[in-house]
Each structure stands twice: as structure tokens, then as C-alpha cells.
Number of protein chains: 2
Amino acid sequence: MGVIRKTQALEILLAEFENDSGAISAKELIKRLDSQMNKTTIYRVLEKLEDDGVLHSFLGNSGIKWYAKCNGCSKSRHIDVHPHFQCIDCGKVDCLNISMKIPELSGREVVASQILIQGKCEVCSA
Amino acid sequence: MGVIRKTQALEILLAEFENDSGAISAKELIKRLDSQMNKTTIYRVLEKLEDDGVLHSFLGNSGIKWYAKCNGCSKSRHIDVHPHFQCIDCGKVDCLNISMKIPELSGREVVASQILIQGKCEVCSA
DNA sequence: TTTATATTTGCAACTCAGTTGCATTTATAA
DNA sequence: TTATAAATGCAACTGAGTTGCAAATATAAA
């Protein structure tokens, strides 16, 4: 199920990702957009944007869901599998523009990988 | 807070990890040991075993908590930071006995990393 | 422009992993 | 054997995320 209609909710959500270079958690979006739309709508629009390859999602530190813009993803293929960095001080999450080699595992077939690196970001480690 | 007393719950839980070479989710342990102890006890004992460096924990696919035996961890240091492999068919999770190099990130200080590789295990890919 | 209709939204109620407070039980040391 | 600190069970809670359904709305057809 892809994005079909240009709704207000969709545009407000997309604007959040335009203004934010890093990743944003669903939780944070619910807090930010509380007065503008229902949390159910947020979850549903995010899901559609992910299906359409506009956003990608991953799980942060505490198992909550984060979203960030995709680079070169499509409905069928999410090539945007990169590590994410979460600051243990301020909680900010960024996509890392590097590729990490996933080793061959004999007998096993690798399909995907999720890499979360934790530490102190540029601001918090200064 | 470390493990202090040799209680029945502790021994039953440790036995589960003796008989299982891979990782076990808290959820699975609650199911397995339902008749033997309360889920609160399971969560609390697991937490203590982790504090003591007997087990380590990480988050699986869907954000639920998994535990596995440590190799060479201690109260103060968890050196057992290795990738985990989760089978997308049968759900089984294993610790991978390989080390993956985390790249230097300029301006950022890396403290920890969580790597979850997803795919088909030896049994399910055969 | 109006209308028909499928999609989207809000709301409330729910799910489910994990947590907390507190009274009771139990392992351990004196 | 007893005192007591630690561990346990239970019930109620938390919080992210989901679901069903009625109401609202974007879009295409007339």
C-alpha cells in the first residue's frame, strides 16, 4: 500500500524530515505534532512512507522506532542499509554515510543487517 | 547489585542457558518457565546475571530482549560485543563468534555497538 | 462544479513486553 | 535456631505501538 493522496498529515510529516537532517523517532514526532494530528495517523503515514521508499526505519537503543530519509530506496529495494549512530548523552540519532562490510557466514544466507553504534556525538563529546 | 544467593529460580534459569547454545528471549523464557516462576522474577534474575557478566543482552528484530551466555565478560567490562544473527524464518538467534571492526568516526566517540544480522540460518537455508 | 467513492483520519479501546510497589517467603550468617 | 536482608509472587501499572469503526476528505468521474 503506497502513498496515494496528498493529505495535510503527509505534508506536515514530510516537512519534519526536510527540516531535520538526522533521524526522528515516532515518539518524538507524536510529541511534536500532538496538536496537529493523531498518533495513529503518524504511525500510518510513516508506514506508508517507508513502503514507498521515502523513509527507512530502524530500532534505537531502547527498542523504539526511528525514521530517516532514504537515499536511493524504492518500493522494492531498500539499498539504504547503513549504520546508525545514537548519542548516549543527548539521544540524537544520525545515519552514518559509510558502508560496513557484512562478513560471509558459512551455511547462512544474509538478507539484512542492522548496525547501531552508540557513543557521544560531535556536540556532546566536545 | 550482583547475584548473591543461590536460589532455585537462579539455577533453573542458568540451566536453560546451559542446554541452549544460542540466545533465548525473555519472552521465550517466560513461556518455558511459566509453571516454575513468575515473569517478574525472570526479568529480575536476568538483569542480575547480566550485571554479573554471566549473560549479555541485546534487542532482536522486533525490539524484544534476548539473552545469551557471555564469554569473558565481568562485572565491570562486557568484552563480549559481537554480532548476533537472527533467522527470519524460524526466529532463532545466535551469537556470531566473529569481531567486526567499527570504523573511526571523526568528532564522535564510539562507546558500544549493536549489530544484528538477519537472514536464513543453517537449517532454514538448506 | 457537483457527486460518488475509496482513502484517510480521529478516537477509544486494546495489545503486549517490560516495570513497580508491596506484602510474603526464603537463603544465609550470626 | 533465629534474625534479617534479599528474593519472590502478585496485581496493577507503563508506554510504544495496533486495531476496529464511524466520520471526514481527497480524488476521479460525470
Side-chain angles (χ1 to χ4, degrees), chain A residues 1-17 23-52 54-68 75 84 86 91-93 114 116, chain B residues 1-17 23-52 54-68 75 84 86 91-93 114 116:
Chain A
M1 200 202 286
V3 174
I4 294 180
R5 297 184 180 184
K6 258 188 209 159
T7 62
Q8 211 184 355
L10 184 87
E11 298 195 338
I12 292 170
L13 267 165
L14 279 178
E16 289 297 318
F17 286 94
I24 318 177
S25 66
K27 189 184 169 185
E28 168 68 18
L29 286 167
I30 290 167
K31 205 199 296 168
R32 279 193 208 169
L33 305 176
D34 180 45
S35 60
Q36 294 174 79
M37 71 189 77
N38 188 272
K39 67 171 179 170
T40 310
T41 303
I42 294 178
Y43 282 116
R44 289 197 274 226
V45 172
L46 288 173
E47 193 186 357
K48 285 189 182 166
L49 288 170
E50 185 173 20
D51 284 351
D52 269 19
V54 178
L55 300 177
H56 64 277
S57 76
F58 55 94
L59 297 175
N61 256 335
S62 47
I64 71 167
K65 224 167 180 185
W66 290 74
Y67 286 85
K75 265 182 246 254
H84 295 98
Q86 183 158 27
K92 187 185 166 200
V93 175
Q114 294 177 31
L116 183 67
Chain B
M1 199 202 287
V3 173
I4 296 180
R5 297 184 179 183
K6 259 188 207 159
T7 63
Q8 211 185 356
L10 184 87
E11 299 195 337
I12 292 169
L13 267 165
L14 279 179
E16 290 296 318
F17 286 94
I24 319 176
S25 66
K27 188 183 170 187
E28 167 68 18
L29 285 167
I30 290 167
K31 205 199 298 169
R32 279 192 208 169
L33 305 176
D34 181 44
S35 61
Q36 294 174 80
M37 70 190 77
N38 188 272
K39 67 171 179 169
T40 311
T41 304
I42 293 178
Y43 282 116
R44 290 197 274 228
V45 172
L46 288 173
E47 192 186 356
K48 287 190 182 167
L49 288 171
E50 185 173 22
D51 284 349
D52 269 19
V54 178
L55 300 178
H56 63 278
S57 75
F58 55 94
L59 297 175
N61 257 333
S62 48
I64 71 166
K65 224 167 180 185
W66 289 75
Y67 285 86
K75 264 181 249 252
H84 294 97
Q86 183 158 27
K92 187 185 166 199
V93 176
Q114 295 177 30
L116 183 66

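Numbered from 1 within each chain, the chains take letters A, B, ... in sequence-line order. Predicted model, so just to flag it, every value in this text is computed and none were measured.
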Check: A:L14 and A:L49 side chains under 4.5 Å, non-hydrogen atoms: yes
Crowding at CD, A:Q36 (>12 non-hydrogen neighbours, <6.0 Å): yes
Side-chain touch B:K65/B:L46, heavy atoms, less than 4.5 angstrom: no
Residue that, paired with A:Y67, satisfies side chain to side chain contact (heavy atoms under 4.5 Å, CB included) out of A:I42, A:I24, A:L55: A:L55
Spacing of A:R5 atom CZ relative to D:dA26 atom C1', expressed in whole Å: 4 Å
d(CG, B:D34; P, C:dA17) in whole Å: 13 Å
Atom pair distance, as rounded to whole Å: CG in B:N38 and P in D:dC13: 17 Å
Whichever of A:K65 and A:R44 has its nearest DNA chain D nucleotide further upstream toward 5': A:K65
Side-chain N,O (A:T7) to OP1/OP2 (C:dT9) below 4.0 Å: yes
Interatomic distance where CG belongs to A:L33 and P belongs to C:dT9 [whole Å]: 12 Å
Between P of D:dA16 and CG of A:L29, the distance in whole Å: 13 Å
Distance test, side-chain N/O of A:Y43 to OP1/OP2 of D:dG17, below 4.0 Å: yes
Separation of C:dT25 C1' from B:M37 CE (nearest whole Å): 15 Å
Flag side-chain contact, heavy atom, 4.5 Å: A:V54 against A:K48: no
Integer-rounded Å distance: C:dT15 C1' and B:I64 CD1: 14 Å
Given DNA chain C, 5'-ward residue of the pair B:I30 and B:Q8, judged by closest heavy atom: B:I30
Presence of B:T41 side-chain N/O under 4.0 Å of D:dA7 phosphate oxygens OP1/OP2: no
Phosphate-side-chain proximity, B:K39 and D:dG9, N/O vs OP1/OP2 below 4.0 Å: no
Rounded interatomic separation in angstrom, taking CD1 from B:I42 and C1' from D:dA7: 14 Å
